[in-house]
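See below for the structure under consideration.
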Amino acid sequence: ATARIGSFPADARHRLLFGLGDLLARAGKQPEAIDCYQRAAAEKPTDLTIRLRLFDQAVATKDTSLQDAVLADIAKIEGA
């Protein structure tokens with residue numbers, strides 16, 4: 001579903017990946033949602049909202065290494 005997203009401009013890619021991540025998360029497809037959120041995060045490295053969604057999915061899947069990585073990203077963004 002995400003293969004063709006790469007052909008869109010960066011801002012559109014971010015919005016598409018973010019929205020698709022939300023849909024997948026609501027459908028209970030956490031691994032796919034995490035992938036979309038991670039790709040969206042790569043598009044906008046300072047976007048806290050996407051990091052919070054990614055953290056929610058890391059908690060839902062009990063992925064402590066992802067939780068740690070997201071918290072480290074948030075700390076960098078916040079300048080901590």
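Here, residue 1 is the first one in the sequence, and each next residue gets the next number. Note that the structure is a prediction, hence the values are computed from the model and not measured.
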Residue pair Glu78, Leu48: steps toward the side-chain contact (heavy atoms from CB on, under 4.5 Å) verdict: CA-CA 9 Å; Glu78 290 291 309; Leu48 284 174; 2.7 Å; yes
Can you name the residues that form a side-chain contact (heavy atoms from CB on, under 4.5 Å) with [X], not counting sequence neighbours?
{"X": "Leu16", "answer": "Ile5, Phe8"}
{"X": "Ala42", "answer": "none"}
{"X": "Asp56", "answer": "none"}

What is the distance from atom [atom1] of [X] to atom [atom2] of [Y], rounded to the nearest 0.5 Å?
{"X": "Phe55", "Y": "Ile74", "atom1": "CZ", "atom2": "CD1", "value": "7.0 Å"}
{"X": "Thr61", "Y": "Ile34", "atom1": "OG1", "atom2": "CD1", "value": "4.0 Å"}
{"X": "Ile50", "Y": "Asp73", "atom1": "CD1", "atom2": "CG", "value": "11.5 Å"}
{"X": "Gln67", "Y": "Gln57", "atom1": "CD", "atom2": "CD", "value": "11.5 Å"}

Let me have the donor-acceptor pairs involving side chains of residues 17-32, under 3.5 Å, with sequence neighbours excluded, atom names and distances please.
{"from": "Asp22", "atom 1": "OD1", "to": "Tyr37", "atom 2": "OH", "distance (Å)": "2.4"}
{"from": "Asp22", "atom 1": "OD1", "to": "Arg53", "atom 2": "NH1", "distance (Å)": "2.6"}
{"from": "Asp22", "atom 1": "OD2", "to": "Arg53", "atom 2": "NH1", "distance (Å)": "2.7"}

If you measure from the Lys or Arg side-chain nitrogens to the Asp or Glu carboxylate oxygens, is any gap between Arg51 and Asp47 under 4.0 Å?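 So Arg51 does not pair with Asp47 through a salt bridge.
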Give me the atom names and distance for the closest heavy-atom approach of Leu66 to Asp63.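 Shortest heavy-atom contact: N-OD1, 2.9 Å.
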Can you name the residues that form a side chain to side chain donor-acceptor pair (under 3.5 Å) with Glu43, not counting sequence neighbours? Arg13
Residue list, side chain to side chain donor-acceptor pair (under 3.5 Å) with Thr64, at least two apart or on another chain: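 With neighbours one apart ignored, the set is empty.
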